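Just below is one structure, and these are the notes that go with it.
On a predicted model such as this, the values are computed, not experimentally measured, just so you know. In what follows, every chain begins at residue 1, and chains take the letters A, B, ... in the order their sequences are listed.
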2 protein chains.
Amino acid sequence: MLMTFQEQAKEAIRATGGRITGQRELLLDLIATHDEIDAEHLHRIAHQQDPTISLPTVYRTLHTLEDAHVITSRYISAEHERKLYRVPAKQDSTFHFTCRRCGQVIPFHSDLIEQIKQEIAARIDIELWTLCMCAGGLCPNCREER
Amino acid sequence: MLMTFQEQAKEAIRATGGRITGQRELLLDLIATHDEIDAEHLHRIAHQQDPTISLPTVYRTLHTLEDAHVITSRYISAEHERKLYRVPAKQDSTFHFTCRRCGQVIPFHSDLIEQIKQEIAARIDIELWTLCMCAGGLCPNCREER
DNA sequence: CTATCTGCAAACTTTTTGCATTGTA
DNA sequence: TACAATGCAAAAAGTTTGCAGATAG
């Protein structure tokens, strides 16, 4: 009997004395249907369904969910532009190359990321919550043009 | 006959029609004597030697140097903090774990980083300028306390 | 002499906070 | 009916830009 992400999240919110509001339910539904999303984008699409929802509420909800370990966050661009939030299980070993000239983003999967996580865990006694890995440089096209 | 970092940098600046100003010479000297430094720190120490130097000049100089491939930049913490600049050769395979509770930064070296760089290069025909890897979670102390 | 650099002040982007009000449990 | 959560407006933090004046080559 699997709990949905939304149910798990609500459980986690209640567990710490938090309350389930309409805004939070809406945000949970939207997070569940997007692989990885930033606060501003989340606010934009939430706003279409509930025009009263504010950006501070989006940020506060994301922090609440992250503190409860219901979502994780990371940057995917070397410029650390917007922080992206996601359900932990999703695309854990995918990182991104961002072209510094045209801005193109190329996703990249590597098993070495899992190995690095294990290496960290083996060497320092930390609890790893997030690992962000961002590559930057010139993409094939821009490399050719210059 | 090895050129110093400063001489190389000046050469690179001149090569693109740039000019060698007192501010730029001072910044180059300071960058050369620090492993990895952020704009605000660089401005602070530069300001002690030349109180007229401004933060925009520091940023503009860092961008000029980065465009000329004389320095590289990266973030070392997964939180939206400061960008760090450095001479490319320095501590290339060191990344950092930042504790989300106490802020402690634990540097961490792994040969897997070089392997990942090679894996990227082998798979996509990119020119890799920077790779940032930021780990976050609980440090040994904070993990114990909660 | 002229294009590049500079400092200053102000703008910008993303994220956070104070506060009075609303709404959940 | 308490205490958590909300919206608004304003602040914060890091970085960038416009502009008029200074300066390298």
- Relative to the ring of H69(A), is the ring of W129(A) parallel (under 30°), tilted (30 to 60°) or perpendicular (over 60°)? perpendicular

- Message: What's L55(B) touching, base or sugar-phosphate or nothing? Going by heavy atoms closer than 4.0 Å.
- Response: base

- Task: Check whether NZ of the Lys or CZ of the Arg R123(B) lies under 6.0 Å from the centre of the six-membered ring of F108(A) and within 45 degrees of that ring's axis.
- Result: yes

- For the side chain of H63(A) and the backbone of V58(A), is there at least one donor-acceptor N/O pair under 3.5 Å apart? no

- Over all atoms of both residues, closest heavy-atom pair of P88(B) and V70(B): CD-O, 3.2 Å

- Query: Is it true that R143(A) and D125(B) make a salt bridge, defined as a side-chain N closer than 4.0 Å to a carboxylate O?
  - Reply: yes

- Message: In this structure, how many angstroms lie between the P atom of dG23(C) and the CG atom of D50(A), rounded?
- Response: 12 Å

- dT16(D) C1' sits how many Å from H80(A) NE2, rounded? 19 Å

- Message: Run the side-chain hydrogen bond (donor to acceptor under 3.5 Å, both in side chains) test on T57(B) and Q23(B) for me, step by step, so that the C-alpha distance in whole Å, both residues' side-chain angles and the decisive distance to 0.1 Å come before the verdict.
- Response: CA-CA 8 Å; T57(B) 290; Q23(B) 291 92 328; 5.7 Å; no

- What nucleic acid atoms does I53(A) come within less than 4.0 Å of, heavy atoms only: base, sugar-phosphate, or nothing? sugar-phosphate

- Query: Side-chain N or O of S54(B) less than 4.0 angstrom from OP1 or OP2 on dT6(C)?
  - Reply: no

- Query: Would you call K10(A) and E7(A) a salt bridge, taking side-chain N to carboxylate O under 4.0 Å as the test?
  - Reply: no

- Message: Quick check on dA5(D): is either OP1 or OP2 less than 4.0 Å from any side-chain nitrogen or oxygen of T61(A)?
- Response: no

- Note on the structure: Per atom distances to the Y59(A) side chain, the nearest of dG14(D), dC5(C), dT15(C) is dT15(C)

- Task: For R24(A) and dG23(C), give me the distance from atom CZ to atom C1', rounded to whole Å.
- Result: 12 Å

- Spacing of I13(B) atom CD1 relative to dA24(D) atom C1', expressed in whole Å: 13 Å

- Nearest-Å distance, CD (E79(A)) to C1' (dC12(C))? 16 Å

- Task: Rounded to the nearest angstrom, tell me the gap between atom CD1 in I37(A) and atom C1' in dT15(C).
- Result: 17 Å

- Message: What is the separation between atom NE2 on H43(B) and atom C1' on dT15(D), rounded to the nearest whole Å?
- Response: 13 Å

- Message: Does dG7(C) have OP1 or OP2 under 4.0 Å away from a side-chain N or O of Q23(B)?
- Response: yes

- Note on the structure: Contacts of G18(B) and I20(A) projected onto DNA chain D by closest heavy atom; the upstream (5') one is I20(A)

- Task: Mind checking G17(B) for me? I need base, sugar-phosphate or nothing, with any heavy atom below 4.0 Å counting as a touch.
- Result: sugar-phosphate

- May I ask you to verify if any side-chain N or O of T21(B) is less than 4.0 angstrom from the OP1 or OP2 atom of dT4(C)? no

- Message: So E40(B), base contact, sugar-phosphate only, or nothing? Heavy-atom distance under 4.0 Å.
- Response: nothing

- Note on the structure: Of all heavy-atom pairs linking Q49(B) and L26(B), the shortest is NE2-CD1, 3.7 Å

- the helix from dC1(C)-dG25(D) to dA25(C)-dT1(D): angle between terminal helix axes, five bp per end, to the nearest 10 degrees, reads 30°

- Task: Measure the distance from CZ on R44(B) to C1' on dT15(D) and round it to the nearest whole Å.
- Result: 16 Å

- Query: Relative to each other, are the rings of H80(A) and Y75(A) parallel, tilted or perpendicular (30° and 60° limits)?
  - Reply: parallel

- Is a salt bridge present between R100(B) and E66(A), judged by a nitrogen-to-oxygen distance below 4.0 Å? yes

Quick one: which protein N/O atoms are closer than 3.5 Å to N/O atoms of nucleotides 17-23 of chain D? Pair and distance per line, please.
unit_1, atom_1, unit_2, atom_2, d
dG18(D), O6, R60(B), NH1, 3.4

